[in-house]
Amino acid sequence: MSLDLHSWSNELGTLYDHAWQRLVRGVHDRHAPARHPTLATVSPDGLPKARTVVLRAADKSLGRLEIHTNLHSSKIADLMARPLAALHVWDNGSRLQIRVEADVEIASGADVAHTWARVPDRSRTAYSSSHTPGHPIPSALAYDNAPDPSVFAVLHLNIRSLDLLHLGSDHRRAQFTRENGWAGQWLVP
Ligand SMILES: Cc1cc2nc3c(=O)[nH]c(=O)nc-3n(C[C@H](O)[C@H](O)[C@H](O)COP(=O)(O)O)c2cc1C
């Protein structure tokens, strides 16, 4: 795609809209760059932790993203200690880096029963209570895949700020915060 076509990057409003379009596309298109963002948390002992996740929902009007996970995974312990996360996407087609900082709410049990009902069987195997993800096992496949809805968790990322960097013939960077009503501020790239 020619960089000349990236006229959306010229204005704060169109840059913001484009970033949300790309996030929403990640939810619906398994081949889109935003399908697999990197989610970063801080462990209880203060170490940065990053891992690939699937973006499950993106709501521009609420400034909210959704990720599904296993309640026993270590990211949950991180988020219980500090309910804050960063999310990162590099969208090469748009030459756009999207960085999100968010407050995170963890939902599980009856609160997510309606979401669990829509999780396909092939995805449900990630939510097994037989072993904690990251637990040592005697051989590579010594774990069980039996789905258990009680370990299914939904992470709601309530976005504090979006930092967008576009690489074009001129680079542009802007930050959008909930605090300023997503108005946007240009930054030195
Ligand atoms: C392509 C891909 C998609 C993934 N999607 C998710 C996901 O949506 N949720 C999740 O909890 N882990 C997902 N994982 C696994 C995580 O990267 C990670 O290994 C696991 O959640 C344990 O992380 P933790 O110990 O830091 O909590 C995915 C991994 C890959 C490679």
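Order of listing sets the numbers, starting from 1, for every ligand and every atom in it. FYI, side chains are in, hydrogens and waters are out, and symmetry mates aren't considered; it's all heavy atoms of this structure. Positions are given from 1, in the same order as the sequence printed here.
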Problem - Top protein contact for atom 24 (P) of ligand 1, by heavy-atom distance - result: Ser74 OG, 3.2 Å
Practice task
Give the residue, atom name and distance (to 0.1 Å) of the protein heavy atom nearest atom 19 (O) of ligand 1.
Solution key: Arg51 CB, 4.8 Å
Practice task
Provide, to 0.1 Å, the distance between atom 20 (C) of ligand 1 and the closest protein heavy atom, together with that atom's residue and name.
Solution key: Lys75 NZ, 3.7 Å
Practice task
Do me a favour and list the nearest non-hydrogen protein atom to atom 6 (C) of ligand 1 with residue, atom name and distance?
Solution key: Val53 CA, 3.5 Å
Problem - Ring centers of His166, His171 separated by less than 6.0 Å - result: no
Exercise for the section: Give the residue and atom name of whichever protein heavy atom lies nearest to atom 29 (C) of ligand 1, and the separation in Å to one decimal. Expected result: Thr52 O, 3.7 Å
Exercise for the section: Flag the pair Asp148 and Arg124 as a salt bridge only when some basic side-chain nitrogen lies within less than 4.0 angstrom of an acidic carboxylate oxygen. Expected result: no
Completion exercise
re atom 9 (N) of ligand 1, the protein heavy-atom contact at minimum distance is His68 O, 2.8 Å
Handout entry: Residue and atom name of the nearest protein heavy atom (relative to atom 8 (O) of ligand 1), distance in Å to one decimal
Key = Val54 N, 2.9 Å
Problem - Interfacing atoms of ligand 1 (cut-off 4.0 Å, heavy-atom, Ser73) - result: 27 (O)
Practice task
Decide whether Asn180 and Gln185 meet the rule of one side-chain donor and one side-chain acceptor closer than 3.5 Å.
Solution key: no
Exercise for the section: Mind checking whether Pro133 contacts ligand 1 via backbone (N, CA, C, O), side chain (CB onward), both or neither, at a 4.0 Å heavy-atom cut-off? Expected result: neither
Problem - Arg30 side chain vs Arg35 backbone, donor-acceptor pair below 3.5 Å - result: no
Problem - Close approach of Lys49 to ligand 1, heavy atoms, under 4.0 angstrom - result: no
Exercise for the section: Give the residue, atom name and distance (to 0.1 Å) of the protein heavy atom nearest atom 11 (O) of ligand 1. Expected result: Thr69 OG1, 2.6 Å
Handout entry: Glu11, CD atom: more than 12 neighbouring heavy atoms under 6.0 Å
Key = no
Practice task
Ignoring hydrogens, tell whether any protein atom lies closer than 4.0 Å to atom 26 (O) of ligand 1; use the non-hydrogen atoms only.
Solution key: yes
Practice task
Supply the atom-to-atom distance Lys49 NZ to Leu79 CG, rounded to the nearest 0.5 angstrom.
Solution key: 13.0 Å
Handout entry: Donor-acceptor under 3.5 Å (Arg64 side chain, His156 main chain)
Key = no
Completion exercise
Rounded to the nearest 0.5 angstrom, the CZ-CG distance for Phe152 and Asn70 is 10.5 Å
